[in-house]
Amino acid sequence: MHQQLFRNQKELSWRSGLSLDRRTALQLMLGIPALIFGASAGNATSGAAPLDPKAFAILGNFLDILLPKTEESPSASEINLASRIIDLSRNVPNYPSLLESGLNWISETSQLSFQSEFLTLHDEKKEAVVTAAFAQADQTLPRVFAKRLRDDAMAIFYSHPASWPALGFEGPIQPSGFLDFEKAPVS
Amino acid sequence: MSNVIIIGSGAGGGAAAWRLTSKGLKVQILEAGPSFDPLTDYKQDNSDWETPFPVKEGSQGGYIVAPLQPLTEETQDIRSWSFMNGKYVPGAFRTSFGYHHVRGFGGSSLHFTGEAHRLNPKSMSLQSDYGVGADWPFKYEDLEYYWRIAEKISGVCGPSTEQRSPKNDRVLGTPHPISYASQALAAGARKLGLTVTENSLAVNSTPQDDRADCNYCGGCLRGCQRGDKGSIDVTYLRRAMQTGNLTVTSSTEVLKIITNANRITGVLAAVDGVLKVIEADLVILSAGSIFSPQILLNSESVHSPEGLCNDSDQVGKNLMETLLATSTALHPDKLGSHRGLPVDWISWDFNDPISIPNVIGGCRFSPSMAESDVVGPIAYATRIVDGWGKDHKRNMQEAFGRILSISGIGESLPNSKTFVDLASETNSHGLPLPRINSYIDEMATDRLRFMMTTCRNILAAAGCAAPIEEFSSIDAFSSTHIFGTCRMGNVTEECVVNSYGQSFRWPNLYIADASVFPSSGGGESPGLTVQALAIRSADHILRNKGVQ
Ligand SMILES: Cc1cc2nc3c(=O)[nH]c(=O)nc-3n(C[C@H](O)[C@H](O)[C@H](O)COP(=O)(O)OP(=O)(O)OC[C@H]3O[C@@H](n4cnc5c(N)ncnc54)[C@H](O)[C@@H]3O)c2cc1C
Ligand code: SF4
């Protein structure tokens, strides 16, 4: 089923002319570590309107697929990750339109593949749609959208103290430091 | 009017200011950047502690990097890449990731990891011994006295004996213990026959100098909230302020140094954006290796049409950059590798200029989990652990604390294609920005390959899986240690200043920063030597003024 889905998505992205130009795609890709290579965040303000309620709900569902609730750690929605993504998108050029088009793609793909709204799909099917987005060719809209959203979602989620106990991380690093640094960590 | 004006409050400016003010001279520092308040500006105690060193208004100077060289097939094996993000430089040309610096009260030391190294004496005579680079105009022994002062004032802790030093005369604080994770890396290095020693760090291992001891948070590169890291603001500048002889004017960018036919008379500066001429008896230029040559070249006048101190066309020449190779991998065991000081041990085995086979110019190796920024949960989630969903969360739990990273930093020899000149682009005052030109030559490539191979071997010997991320200067200009654009020496045709950092032509102009280095050393961190040289220059000034 998944292979079929991937093929559908490729067709969809080509048909809709959704491939991004290289510069926009590169601008929107993350992943360069800041300290060695000094990545700097864009600071242009888009002034774009926030998402409509349905798109916002799809965003929330999408993020919960990326970061679901587990026994030790909360879900994306439990820490209001979708709102944080919207805040972030206001300061990054092209981000609001990436969000809008990416979420449209999720909706259309869900309709095309499962004849249902993304919001009404069971988790397994939602996961299939998300998998499809990641599986598109480099620099296509769904892939840039999924990758960018993933990295931002991870960055926001793992800066939230609620995400740390599952890792055995007792942060933030100050004021206590790590006075046990010479010993094996307590697992 | 202040007796002395110092341009910049980093390692050079701060150390010179301390020495002069403590001997009674009135000094005014003109600092382009803002002040940083450790408690409010640094984020170590916030949930977003993983954000990089803060950028404040005016804390980054403008510069341009000229287009860099094409990348070749032959260097594919030492490119920067990550298993999650692919090649960090996907294009056909070497790319700039920046001259990393801080404009602010304390300069780039605010951002540094506190490494405090003397130079290897053998790397101070590269021209005489091996026909490359340039000799220092004095010997290791001539700088010993000043290194010792710098070690004391910046509070260096480390081993008193060291394989490279001719004498074991260092009086340092107790060395810092090596972290559990770094011990695992050290074991790998030792298996390869390398010698591992505690690093010398300007970080308090016990409370001293009215400053706390380190609590091993690992966050030095993000700015130390605790104040135990011996950055210039809490060491030299704090002491200089206590003398009552220092005035600091922040947010003041010096644009030009002004002269008459014989002497420096003052500077033109933008004070909070307003242009002002500030008169001076004597000027010490300490703006660092990129901005010092910019100021000199922008100071051209009828008295010096090619730019100040540029009669021999040497200003901006001989730029030496950071040559870095880093490899990162997962260890099978949970090591808690986010804990401990960033660079707690060092191996100097390949630091001598001819210790790398078929290459002149040495290097050093040390742990780099913090410098590679692979310590926090965000780094793991975006660079180490791929995927999403429940599997991702499980894999995060398994991976966290298992990352090990090791770096080599090597000698950077000058070449004719690596220099600073003026760009056609200008700053807000219409003056040209500095332009960095950088080129990695064959010998540097070989040195990088040796460093990368050794890093990989250390990780493998430590029991790690295959590397998952690597960085190298082969495809990225990315410099934290940068030197040499106003070389000091005895030969006017080859240098900008004499061995005391004094201009050959303008007796009341000194340069005291990393730009005066004739050679970079084999991977030593430069800060301590910048401080020692600045104190030495200050003593020369004091002697000339008849002050004891
Ligand atoms: C991330 C990082 C880690 C590092 N780690 C280490 C380490 O562990 N150990 C070590 O020894 N070194 C380290 N270094 C390098 C070290 O910080 C520098 O070598 C050292 O600070 C250089 O001293 P400097 O005086 O030449 O320049 P800086 O310290 O950069 O000081 C220059 C000062 O001049 C000011 N200035 C510039 N232009 C003007 C102008 N036009 N007008 C007025 N003021 C101006 C700047 O604002 C700045 O304050 C590190 C650097 C970085 C960035
Ligand atoms: S490791 Fe020590 S020196 Fe570094 S920031 Fe933490 S407390 Fe300061």
Side-chain angles (χ1 to χ4, degrees), chain A residues 22 26 29-41 63 65-70 72-73 123 127 130-131 134 138 146-147 149-164 166-187, chain B residues 43-53 55 80 82 84-85 88 97-98 100 177-180 183 214-219 221 225-226 324 326 333-336 338-341 370-374 376-383 388-390 392-394 396-397 400-401 471 476 478:
Chain A
R22 185 177 157 75
L26 284 175
M29 285 179 195
L30 279 181
I32 293 181
L35 280 181
I36 281 202
F37 283 129
S40 61
L63 294 170
I65 293 298
L66 296 184
L67 288 155
K69 185 174 176 59
T70 63
E72 301 93 349
S73 139
D123 277 0
E127 282 169 14
V130 174
T131 305
F134 279 105
D138 279 350
K147 177 93 176 82
L149 217 60
R150 177 211 177 271
D151 283 355
D152 286 337
M154 294 293 171
I156 295 168
F157 184 80
Y158 283 106
S159 70
H160 198 289
S163 72
W164 298 340
L167 307 178
F169 175 65
E170 292 160 17
I173 58 175
Q174 287 293 358
S176 305
F178 299 109
L179 292 171
D180 63 348
F181 72 105
E182 289 175 84
K183 301 194 187 109
V186 185
S187 50
Chain B
K43 303 287 179 216
Q44 295 178 324
D45 60 353
N46 286 23
S47 60
D48 61 347
W49 66 271
E50 254 190 278
T51 49
F53 188 87
V55 173
S80 305
S82 113
M84 266 183 77
N85 298 306
Y88 279 123
F97 287 97
H100 307 291
I178 296 175
S179 75
Y180 186 75
Q183 287 286 2
C214 177
N215 67 8
Y216 303 96
C217 77
L221 284 149
Q225 276 189 331
R226 218 171 139 79
L324 173 82
T326 296
D333 301 331
K334 284 267 189 189
L335 303 169
H338 52 284
R339 307 168 304 163
L341 271 163
E371 295 211 310
S372 302
D373 199 13
V374 278
I378 297 174
Y380 275 79
T382 53
R383 287 165 50 207
W388 43 272
K390 286 199 168 132
H392 182 262
K393 284 197 166 176
R394 196 172 321 109
M396 280 287 290
Q397 267 174 296
F400 191 73
F471 296 110
S478 178

Handout entry: Best-contacting candidate, B/Leu335, B/Asp48, B/Val374, B/Asp333, against chain A by heavy atom pairs under 4.5 angstrom
Key = B/Leu335

Practice task
Flag the one option from B/His392, B/Arg394, B/Arg226, B/Glu50 with the top tally of heavy-atom pairs under 4.5 Å to chain A.
Solution key: B/His392

Problem - Plane angle bin for B/His338 and A/Phe178 - parallel if under 30°, tilted between 30 and 60°, otherwise perpendicular - result: perpendicular

Exercise for the section: Could you have a look at B/Gly218, B/Gly389, B/Gly401 and say which one has the most heavy-atom pairs with chain A under 4.5 angstrom? Expected result: B/Gly389

Exercise for the section: List in chain and number order the residues that pass ring pair (Phe, Tyr, Trp, His ring centres under 6.0 Å) with B/Tyr180, two or more places apart in sequence or in another chain; answer none if no residue qualifies. Expected result: none

Problem - Atom group of B/Tyr216 that falls short of 4.5 Å from chain A, counting heavy atoms - result: both

Handout entry: Pairwise distance OG(A/Ser159) to CH2(B/Trp49) - rounded to 0.5 angstrom
Key = 10.5 Å

Problem - Counterpart residues, salt bridge (charged side-chain N to carboxylate O under 4.0 Å, His left out), relative to B/Arg339 (two or more places apart) - result: A/Asp180

Exercise for the section: Would you please say whether a donor-acceptor pair under 3.5 Å links the side chains of B/Lys43 and B/Thr51? Expected result: no

Practice task
Under 4.5 Å heavy-atom distance to chain A, tell me which part of B/Gln397 shows up: side chain, backbone, both or neither.
Solution key: both

Fill in the blank from the handout: So CD1 of A/Ile156 and OG of A/Ser163: to nearest 0.5 Å the spacing works out to 12.0 Å

Completion exercise
Looking only at B/Gln44, B/Gln183, B/Met396, most heavy-atom pairs under 4.5 Å shared with chain A are made by B/Gln44

Exercise for the section: Find the one option among B/Gly336, B/Gly219, B/Ser47 whose heavy-atom pairs under 4.5 Å with chain A are most numerous. Expected result: B/Ser47

Problem - Heavy-atom pair count under 4.5 Å with chain B, highest-scoring of A/Pro172, A/Ser73, A/Ala155, A/Pro175 - result: A/Pro172

Problem - Top contributor to chain A interface from B/Cys214, B/Gly340, B/Pro177 [non-hydrogen pairs under 4.5 Å] - result: B/Pro177

Problem - Working for ring-ring contact (aromatic ring centres under 6.0 Å, His included), residues B/Tyr380 and A/Tyr158 - result: CA-CA 9 Å; B/Tyr380 275 79; A/Tyr158 283 106; 9.5 Å; no

